[in-house]
Chemist: 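Got a structure for you, written out below as structure tokens; questions coming shortly.
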Amino acid sequence: MAATDGRTGKRSNSVWLAERPPLKRKADQPAGLDLDKIVAATVRLLDAEGLAKFSMRRLAAELGVTAMSVYWYVDTKDDLLELALDRVMGEVRLPDEADTGRDWRDHLRSLAAEYRTLLTGHTWVARLLGTYINIGPHSIAFSNASMRVMKESGLSLQQISGGLSAVFQFVYGFATIEGLFNARCAEAGVSVDAYFQQVMTSVQGLPEFAETLENTTKVMEARGGATVEEMRDRDFAFALDLQIAGIEAMRERAGE
């Protein structure tokens, strides 16, 4: 029952490009089970247990069905992960283009903040973004919104993709590290602030960390913020402003 490309008969490399025959109800299929519930359960498991522990058997157990019941709705684990990825992409709030009072900088900041929230809230997403081609409806909506905002920046068509990379690859890196650190703290059963303080305390007095500790302490005092979260927010906002300033500078250079 593998989904195929109707023109070649070969398995598509994306669930969004595969042509799957309509489901036919079988008497032995669990009542109330559907693809939407399966994808929702997948997201819950990935959030709770991570990508490494996820399996179709584990998902089936969570749903109280057999693994074969799940395969009635999806052909492969990859298909299901791709569906889950687009499901959470739907959590991203896109700019209201009817809001003419905000310019492209405001819209870009909103998109960047939403993308950061997505990556820190679902740490498994970072790995999957580099695995699949991400052409589900929510992913495409995010991509189109980002493209429209960047076009409004005044960059040339030749520069737009580089501008998008500068902003969203920065967010990807920042948020991925942030999310993984948060997950490590959660696994250790301590708060982010407590874990950070433990690390700082453990290296005090060690000569090989003297310069690093001194620089870190001075920077933390200068940038302000009573908690790790506040310091991260300040860093993120400033780094994003640097990206925007770079876009403005390149736009002005092109106009010279």
Side-chain angles (χ1 to χ4, degrees), residues 14-17 36 39-40 43 46-47 81-180 182 223 225 229-255:
S14 171
V15 69
W16 301 107
L17 299 177
D36 187 69
V39 175
V43 171
L46 289 169
D47 285 343
L81 292 176
E82 198 174 0
L83 290 168
L85 175 58
D86 197 67
R87 168 68 67 91
V88 297
M89 286 297 298
E91 298 174 5
V92 175
R93 293 173 296 182
L94 302 180
D96 181 4
E97 296 181 19
D99 184 1
T100 57
R102 302 176 70 188
D103 68 9
W104 67 270
R105 300 167 189 82
D106 296 324
H107 288 309
L108 188 59
R109 288 189 180 95
S110 295
L111 281 171
E114 287 291 315
Y115 195 43
R116 177 191 177 195
T117 298
L118 171 74
L119 289 164
T120 55
H122 305 285
T123 55
W124 49 274
V125 165
R127 173 71 178 274
L128 296 188
L129 285 172
T131 302
Y132 304 113
I133 59 176
N134 308 322
I135 56 173
H138 293 121
S139 297
I140 290 297
F142 178 79
S143 177
N144 288 340
S146 302
M147 181 66 73
R148 286 192 294 269
V149 168
M150 195 57 70
K151 283 181 178 179
E152 293 173 3
S153 72
L155 289 179
S156 68
L157 291 176
Q158 185 180 14
Q159 297 171 321
I160 283 175
S161 62
L164 288 170
S165 295
V167 173
F168 290 104
Q169 289 188 26
F170 145 67
V171 179
Y172 176 91
F174 188 101
T176 297
I177 293 174
E178 181 181 12
L180 291 174
N182 292 347
R223 70 184 180 180
E229 181 179 4
E230 290 173 347
M231 289 187 286
R232 283 175 176 165
D233 288 344
R234 288 174 184 266
D235 287 347
F236 183 83
F238 179 69
L240 183 56
D241 281 345
L242 287 178
Q243 306 299 317
I244 293 173
I247 291 171
E248 293 172 328
M250 294 304 295
R251 179 192 61 194
E252 292 168 3
R253 179 184 297 181

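Keep in mind that this is a model prediction, so the values were computed, not measured.
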Chemist: Is a donor on one side and an acceptor on the other found under 3.5 Å between the side chain of E114 and the backbone of R93?
Modeler: yes

Chemist: What are the two closest heavy atoms between D47 and G121, and how far apart are they?
Modeler: OD1-O, 4.1 Å

Chemist: For D86 and H138, indicate whether the former's side chain and the latter's backbone hold a donor-acceptor pair under 3.5 Å.
Modeler: yes

Chemist: Are more than 12 heavy atoms, taken from residues, nucleotides or ligands other than E91, located less than 6.0 Å from that residue's CD atom?
Modeler: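 Check passes, neighbour count above 12.
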
Chemist: I'd like to know if the side chain of T120 and the backbone of T117 have a donor-acceptor N/O pair within less than 3.5 Å.
Modeler: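 Confirmed, T120 side chain pairs with T117 backbone.
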
Chemist: Between CD of E248 and CG of L155, what distance do you get to the nearest 0.5 Å?
Modeler: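 The CD atom of E248 sits 10.0 Å away from the CG atom of L155.
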
Chemist: Roughly how far apart are M147 CE and E152 CD, rounded to 0.5 Å?
Modeler: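 Output value for this atom pair is 12.5 Å.
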
Chemist: Closest approach of P95 and H107, non-hydrogen atoms and distance?
Modeler: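 Closest approach of P95 to H107: CB-ND1, 3.0 Å.
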
Chemist: Assess R116 against F174: is NZ or CZ under 6.0 Å from the centre of the six-membered ring, and within 45 degrees of the ring's axis?
Modeler: no

Chemist: With side chains defined as the heavy atoms from C-beta onward, is the minimum distance between N182 and R232 less than 4.5 Å?
Modeler: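 N182 reaches R232 side chain to side chain.
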
Chemist: Is any side-chain heavy atom of M150 closer than 4.5 Å to a side-chain heavy atom of L108?
Modeler: yes

Chemist: So how far is it from T131 OG1 to L85 CG, rounded to the nearest 0.5 Å?
Modeler: 9.0 Å

Chemist: Is it true that R109 and D103 make a salt bridge, defined as a side-chain N closer than 4.0 Å to a carboxylate O?
Modeler: no

Chemist: Heavy-atom distance under 4.5 Å between the side chains of W16 and Y132, does that happen here?
Modeler: no

Chemist: Does V171 reach the side chain of L111, with side-chain heavy atoms less than 4.5 Å apart?
Modeler: no

Chemist: Using modelled atom types and a 3.5 Å cut-off, is there a donor and acceptor pairing between side-chain atoms of Q169 and backbone atoms of A166?
Modeler: no

Chemist: Quick check: closest heavy atoms across I140 and I135, and the distance to 0.1 Å?
Modeler: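 Closest approach of I140 to I135, heavy atoms only: CG1-O, 3.6 Å.
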
Chemist: If you measure from OG on S139 to CD on E82, what distance do you get to the nearest 0.5 Å?
Modeler: 8.5 Å

Chemist: Hey, does Y172 have a side-chain heavy atom less than 4.5 Å from the side chain of I177?
Modeler: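 In short, these two side chains do not touch, never coming nearer than 4.5 Å.
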
Chemist: Does the ring pair (Phe, Tyr, Trp, His ring centres under 6.0 Å) test come out yes or no for F170 and Y115, once each step is laid out?
Modeler: CA-CA 11 Å; F170 145 67; Y115 195 43; over 10 Å; no

Chemist: First locate atom CD of E229, then atom CZ of R234, and finally report the distance between them rounded to the nearest 0.5 Å.
Modeler: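 It is 12.5 Å, given to the nearest 0.5 Å.
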
Chemist: Decide side chain to side chain contact (heavy atoms under 4.5 Å, CB included) for D233 and F238; before the verdict, give the C-alpha distance in whole Å, the side-chain angles of both, and the deciding distance to 0.1 Å.
Modeler: CA-CA 9 Å; D233 288 344; F238 179 69; over 6 Å; no

Chemist: Stepwise, does the side chain to side chain contact (heavy atoms under 4.5 Å, CB included) test hold for L81 with W124?
Modeler: CA-CA 10 Å; L81 292 176; W124 49 274; 5.9 Å; no

Chemist: Tell me whether the count of non-hydrogen atoms from other residues, nucleotides or ligands lying under 6.0 Å of CZ in R148 goes above 12.
Modeler: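 Yes, CZ of R148 has more than 12 neighbouring heavy atoms, counting only those of other groups under 6.0 Å.
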
Chemist: Taking all non-hydrogen atoms of both residues, which atom of A84 and which atom of L46 are closest, and how far apart?
Modeler: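 What the structure gives for the nearest pair is CB-CD1, 4.2 Å.
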
Chemist: Set out, in order, the CA-CA distance, both residues' side-chain angles and the distance that settles side chain to side chain contact (heavy atoms under 4.5 Å, CB included) for R87 and L83, then state yes or no.
Modeler: CA-CA 6 Å; R87 168 68 67 91; L83 290 168; over 6 Å; no

Chemist: Just so I know, are the side chains of L164 and I160 near enough to count as touching, which here means a heavy-atom distance under 4.5 Å?
Modeler: yes

Chemist: Using a 3.5 Å distance criterion without hydrogens, assess whether the side chain of S153 forms a donor-acceptor pair with backbone atoms of V149.
Modeler: no

Chemist: Of all the heavy-atom pairs spanning A112 and V167, show the shortest one and how long it is.
Modeler: CB-CG1, 4.5 Å

Chemist: Measuring from D235:CG to E178:CD, what's the distance to the nearest 0.5 Å?
Modeler: 10.0 Å

Chemist: For F142, does its backbone N or O pair with a side-chain atom of S146 as donor and acceptor, under 3.5 Å?
Modeler: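 Present.
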
